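Take a look at the structure below.
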Amino acid sequence: MSEPKRGFWQRLRAGLARSSSALKATIGSIVRRRRLDQALLDELEEALILADLGVEVAQELVEGLRRERFGREVSEEEVRTLLATHIARILEPVAQPLPERPQHRPRTILVAGVNGVGKTTTIGKLAAAMRRQGKRVILAACDTFRAAAVEQLAIWGERSGCPVVTGAAGADPAGLAYEALQRARREGYDELLIDTAGRLQNRRELMEELAKIVRVLRKLDPSAPQDVLLVLDATTGQNAHSQMTIFREMVDVTGLVVTKLDGTAKGGVVVALARRFGLPVHAIGVGEDIEDLRPFDPEAFARALLGLEETVF
Amino acid sequence: MFENLTTRLGNLFDRLRRRGALTEADVDAALREIRVALLEADVALPVVRDFVQSVRERAVGHEVVRSVTPGQMVVKIVHDRLVELLGGAHAELRLGSPPAVVLMVGLQGSGKTTTTAKLARFVQQKLRRRVLVASLDVRRPAAREQLATLARQAEVASLPILEGEDALLIARRALDAARRGGFDVLFLDTAGRLHVDEELMAELVAVRDLARPAEILLVADALTGQDAVNVARTFDERVGITGIVLTRLDGDARGGAALSMRAVTGKPIKFVGVGEKLEALQPFHPERMAARILDMGDVVSLVEKAAEVVDREQAEKMARKLAKGRFDLSDLKSQLEQMRRMGGMGGILAQLPGMGKIRQQLAEAKLDEKMIIRQCAIIDSMTPEERRHPEIIHASRKRRIARGSGTTVQDVNRLLKQHRQLQDMLKRVQKAGGLKGLLGRGLPPGLLPR
């Protein structure tokens, strides 16, 4: 080894202590007022990577900057605003609220995602929002695997005033979904929200189980589920690409909900996903309260990502 | 979209090889590839930067430039350095005098509650200590019920749930119950919190000061991106963690967060979560993690996984047959079936080193589960005699087999050809002395369906 181990750790920690989570500090330290040269572009690219935009999109954005401003004097504010504009442009086409589908009664929404991303919480918030619009909403607790998942959804049901269809622990989720759709039709609900167990996308048998839920629902209503939401944790890194690819392949995801966007600016991988897949981002989760589901605002998101605004809401 | 490092460097050095010795500029080019590979594995940028620098110092010297296979050499240096940085031997849990408190902290959804139950089970069953668990999470609906249910499944005691208590009150009651009940270890599961949530972090500090834990474990998600450094640093600065448990390593994330968190906190990764079941907890192995981050595959894990899936007796029978150089179609079928159980070709290949190129070929060839099923059907349509002696299968037998399995004669031919090639390959393996010799060469071209 070229140097003692401790020396490396100390250096590393000292280096990290200077860097900060938001791009704000990073870009701020890079760009005071200086010429936009290759070194600066490299640093900007790294700053974007730090926000989880991924290497590809980071390079693309920096390339854009180069074309527009190379060799010129730039200020911090200017660079950040420019990047925010580019990012917002990527995001604009995907910022679409969850569509209303009055022609479908009930409209079925299947909510899927990996473990711990906030599926149940998202359903609770979504149900509350729909209730506020005066809709009749019913929930289906098809996460029959995780301990107390049903209880968790039941509490959200109580808070939002929606009945919850439940089954025994370990019951077949597809059968339960079928039952829920039957009941929703019989009793004339407007919206059926189906909660599913978290599953890692590379677990083939679990993904098959999810696909089965869709197949079974279609026996009752060939157009169901009208919407399939993939819930994505904003702290997720490049694995989001894999999640998106496989979930879409298995259950035809129609839109995204990005959760845990409270606090620090993060969620840059959403930009990369928008670039690559172009699927709508319907809403973002910004906290644990029942109202904490907001529409996705590309401009605010981009500005928050670049530290131009403190929060995304 | 994501090539693995071995492929990247392989391509780079293939181009360079004809020129003989590598220059410093070549090494720089390699380091750029390494940088991108690490970033795509979600290793945090500051960590990547220092890492690449330390690799450069080693690589530019002489090791690489004089090496015959510079690509392999660079990968080896990177891998070794990664292992070093990820930490040496497995770090044990430090449980002091009873009741030793283990405080579990982390972001929402990182897997704290499940991990608490897994660890509690591990400590009680493997370390033979009496364990009590208690959830201080009064925020997430039904969080305490979740831990109670999991504790029941793990057969460890859990603190009865009382309504209307705050985290501190529950902690006090749990400590009391642990002392009175003569428990050796008390696990305190806490509410998930964002590292920027001042109020909740203060609550965590209060719990820590009350409970004086022997271990404070940060439970973190292997899917985490660049933010991992901030999470780890903040929890470490505010609460002072003693170790890390990395969850969801059964996913396909490369898990660069492991390196980031180890690097910023200097605290060891003590365990990894590899599934939803309570026994899906393993000690942390730096070499495996390094290989995974570099997408070099994980031979050890694969072997272990295979050992679980493969019937031992059957495996021994197979080994004896292979030693004699015999591998008939029945053997091929049981191999195919094991493949399916292990998660299909993709699952297996993801764990084998140097498989980048082959995996691409397979993806292009669309070799999937369905194909394995079809091949099994073909073999099922053969007589025992045919399975033992495939050389007797001629035209009319082929037609019959194709009809019986709902395939075509071409499919049957393809299977027979594959079998012949596998046999050849096995002979080569025996000559080359094991799996390594084989993987250097990759799959024979004909093994892939057109």
Side-chain angles (χ1 to χ4, degrees), chain A residues 1-3 5 8-9 11-13 15-17 19-21 46-47 49-52 54-56 114-118 120-121 124 145-156 159 200-204 233 235-243 259-260 262-264 266 268-269 276 288, chain B residues 1-2 36 39-42 44-47 49-50 54 57-58 84-85 107-111 113-114 139-143 145-150 153 194-197 221 223-231 233 247-248 250-254 256-257 263-264 266 276 343-344 347 350 369:
Chain A
M1 229 162 97
S2 54
E3 57 176 326
K5 195 164 190 165
F8 173 78
W9 286 114
R11 241 172 354 107
L12 186 48
R13 241 168 279 159
L16 288 172
S19 76
S20 142
S21 65
E46 297 200 335
I49 289 169
L50 262 181
D52 280 326
V55 178
E56 216 169 281
V114 303
N115 317 64
V117 290
T120 309
T121 308
F145 179 81
R146 181 168 66 84
V150 172
E151 287 83 343
Q152 188 184 346
L153 188 68
I155 293 171
W156 279 111
R159 287 183 189 170
L200 290 168
Q201 71 277 13
N202 61 332
R203 297 283 300 276
R204 191 146 254 249
D233 182 331
T235 56
T236 308
Q238 300 309 307
N239 189 251
H241 287 274
S242 166
Q243 291 177 26
T259 59
K260 305 186 200 174
D262 30 4
T264 52
K266 55 193 173 188
V269 74
R276 184 165 166 208
E288 288 175 300
Chain B
M1 177 170 186
F2 303 129
V36 173
L39 288 171
E40 281 178 353
D42 288 322
L45 184 59
V47 180
R49 222 182 271 141
D50 280 36
S54 79
E57 280 160 20
R58 285 189 188 188
E84 259 172 61
L85 295 184
L107 300 181
Q108 292 100 333
S110 57
T113 306
T114 307
R139 295 171 62 89
R140 182 162 61 92
E145 286 76 6
Q146 184 186 356
L147 185 64
T149 310
L150 289 173
Q153 288 167 11
L194 283 172
H195 49 299
V196 289
D197 188 329
D221 185 338
L223 310 178
T224 313
Q226 296 283 328
D227 206 38
V229 279
N230 303 313
V231 173
R233 188 175 42 224
T247 60
R248 308 216 173 101
D250 51 329
D252 58 3
R254 305 255 295 280
V264 280
E276 293 171 274
E369 222 107 309

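In what follows, chains carry the letters A, B, and so on, assigned in the order in which the sequence lines appear, proteins first and then strands, with residues in each chain numbered from 1. For clarity, every value in this text was computed on a predicted model and none was experimentally measured.
- Here the closest heavy-atom approach between residue B:P46 and residue A:L50 is recorded as CD-CD2, 3.9 Å.
- With chain B as partner, the option from A:G118, A:A149, A:G268, A:A148 having the largest number of non-hydrogen pairs under 4.5 angstrom is A:A148.
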List the steps, then state whether side-chain contact (heavy atoms from CB on, under 4.5 Å) holds for B:R49 with A:E46.
CA-CA 10 Å; B:R49 222 182 271 141; A:E46 297 200 335; 2.8 Å; yes
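- A distance of 8.0 Å separates OG1 in B:T113 from CZ in A:R146, rounded to the nearest 0.5 Å.
- For A:V114, the part sitting under 4.5 Å from any heavy atom of chain B is the side chain, from C-beta outward, and nothing else.
- Within the model, atoms CD1 of A:I49 and CG of B:L39 stand 5.0 Å from one another, a figure rounded to the nearest 0.5 Å.
- For the pair A:A47 and B:L45, the tightest heavy-atom approach, listed with the atom from each and the gap, is N-CD2, 4.4 Å.
- When each of A:D233, A:V55, A:L200, A:T120 is checked for heavy-atom pairs under 4.5 Å with chain B, A:L200 comes out on top.
- Distance CG/B:D252 to NE2/A:H241: 12.5 Å, rounded to 0.5 Å.
- The side chain to side chain donor-acceptor pair (under 3.5 Å) test applied to B:E276 returns A:N115, not counting sequence neighbours.
- Note: B:R248 leads B:R248, B:E145, B:Q108, B:R139 in heavy-atom pairs under 4.5 Å with chain A.
- Residue contact with chain B, scored on non-hydrogen atoms closer than 4.5 Å, is absent for A:V117.
- Under the 3.5 Å distance criterion, the side-chain polar atoms of A:N202 are matched with a main-chain donor or acceptor of B:D250.
- Note that OG1 of A:T236 and CG of B:L223 are 6.0 Å apart. Values are rounded to the nearest 0.5 Å.
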